[in-house]
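Each remark here refers to the structure printed beneath this line.
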Amino acid sequence: MKAHFRMFAAYNAWANERLYAAAAGLTTEALEQDLGAFFGSVLGTLNHLMVTDLLWLARLREQSPPKLALTGILHDDLDELTAARRVLDADILRYADGLTEDVLAAEITYTTVTGPMTMTQRRDHAMAHFFNHQTHHRGQVHALLTRLTGDAPPLDLLYYQREVA
């Protein structure tokens, strides 16, 4: 399982680089335009992903999570958000590199942001959600970019696998 999650951590960084590069071509107005996605805009959705990745990484490490709202805007400047994203993606890769099968099989307990409720689940199951959640919202940003520009980069896992093979 460690190799599986290591691949997803690397894929996450790869997909984010491609997505952020495409978003860099947008005007500030286009980045902030509410287009009806869960978190409104390209910038809102990218910030949501940053917020939730920070929350989940703290949970996975069994640390106190930062006090962040799911709709929070950590960076309203795309260049600053891109730099923070790269740092976070490198941290996610380091975390995945340090995993062992025993750590993956262990349970973690955390409190949800909405609710709040105390949850206990296996770390590998939580990590599956962590990476799936990233893919879900990157897909939303991809759709928003396509709507705004008529084009967005391929982000399929298969493209990543072929590129690194």
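Remember, it's a predicted structure, so these values are computed and weren't measured experimentally.
We find the CD1-CD distance between I108 and Q121 to be 5.5 Å, quoted to the nearest 0.5 Å. A distance of 12.5 Å separates OH in Y160 from CZ in R18, rounded to the nearest 0.5 Å. To the nearest 0.5 angstrom, L81 atom CG is 9.5 Å from L31 atom CG. Between the CH2 atom of W14 and the CD atom of Q161 there is a distance of 9.5 Å, given to the nearest 0.5 Å. Taking CD from Q134 and CE from M50, the interatomic distance works out to 11.0 Å, rounded to the nearest 0.5 Å.
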- Between Y95 and F5, is a side-chain contact (heavy atoms from CB on, under 4.5 Å) present by the stated rule, with each step listed? CA-CA 10 Å; Y95 177 75; F5 290 124; over 6 Å; no
- side-chain contact (heavy atoms from CB on, under 4.5 Å) between T135 and F8, intermediate numbers included: CA-CA 10 Å; T135 300; F8 273 108; 5.5 Å; no
- Hey, mind stepping through L26 and L145 against side-chain contact (heavy atoms from CB on, under 4.5 Å) and telling me if it holds? CA-CA 9 Å; L26 297 176; L145 286 170; 3.5 Å; yes
- Task: Given side-chain contact (heavy atoms from CB on, under 4.5 Å), test F38 with H48 step by step and report yes or no.
- Result: CA-CA 10 Å; F38 287 163; H48 169 72; over 6 Å; no
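When side chains are defined from C-beta on, D124 does not count as touching L99, because their heavy atoms never get closer than 4.5 Å. N12 is listed as a side-chain neighbour of R85, based on a closest heavy-atom distance under 4.5 Å. Taking the side chain as every heavy atom from C-beta outward, I92 and F130 approach each other to under 4.5 Å. In this structure, T82 and L78 have side chains that are in contact, with non-hydrogen atoms separated by less than 4.5 Å. In this structure, the side chains of L93 and R6 come closer than 4.5 Å at one or more pairs of heavy atoms.
R123 places a side-chain N or O within donor-acceptor distance of the main-chain N or O of L60, the cut-off being under 3.5 Å. Using modelled atom types, no side-chain atom of D156 and backbone atom of L158 make a donor-acceptor pair closer than 3.5 Å. Without hydrogens or angle criteria, R59 side chain to P65 main chain gives no donor-acceptor distance under 3.5 Å.
Residues I73 and L88 do not share a hydrophobic cluster, defined by chaining ILVMFWY side chains whose heavy atoms lie under 4.5 Å apart. Neither V87 nor L19 shares a network with the other; the hydrophobic side chains, linked directly or stepwise wherever heavy atoms of I, L, V, M, F, W or Y lie under 4.5 Å apart, form separate groups for each.
For CE of M1, the number of neighbouring non-hydrogen atoms (other residues, nucleotides, ligands) closer than 6.0 Å is greater than 12. Sparse packing is recorded around CZ of R147, with 12 or fewer heavy atoms of other residues, nucleotides or ligands lying under 6.0 Å away.
Side-chain rings of H129 and H125 stay apart, their centers remaining 6.0 Å or farther from each other.
The shortest non-hydrogen separation linking P66 to L55 is O-CD2, 3.4 Å. Shown here for L43 and E32, the closest heavy-atom pair between the two residues is CD2-CG, 4.0 Å. Of all the heavy atoms in F39 and L70, the pair that sits closest is CE2-O, 3.6 Å. The minimum heavy-atom distance linking H75 with A84 is given by the pair NE2-CB, 3.5 Å. When all heavy atoms of S41 and Q33 are compared, the closest pair comes out as CB-O, 3.1 Å. Annotation for T114 and T112: closest pair O-OG1, 2.7 Å, computed over non-hydrogen atoms.
For residues 99-109, the set of pairs meeting the side chain to side chain donor-acceptor pair (under 3.5 Å) definition, not counting sequence neighbours, comprises T109-T120.
A search for ring pair (Phe, Tyr, Trp, His ring centres under 6.0 Å) contacts involving Y110 returns W56, not counting sequence neighbours.
Salt-bridge check for R94 with D91: passed, with a basic side-chain N closer than 4.0 Å to an acidic carboxylate O.
Taking the six-membered ring for Trp and thresholds of 30 and 60 degrees, H136 and H133 have ring planes inclined between 30 and 60 degrees apart.
Of the options L46, T52, L49, a side-chain contact (heavy atoms from CB on, under 4.5 Å) to H137 is made by L49 and by none of the others.
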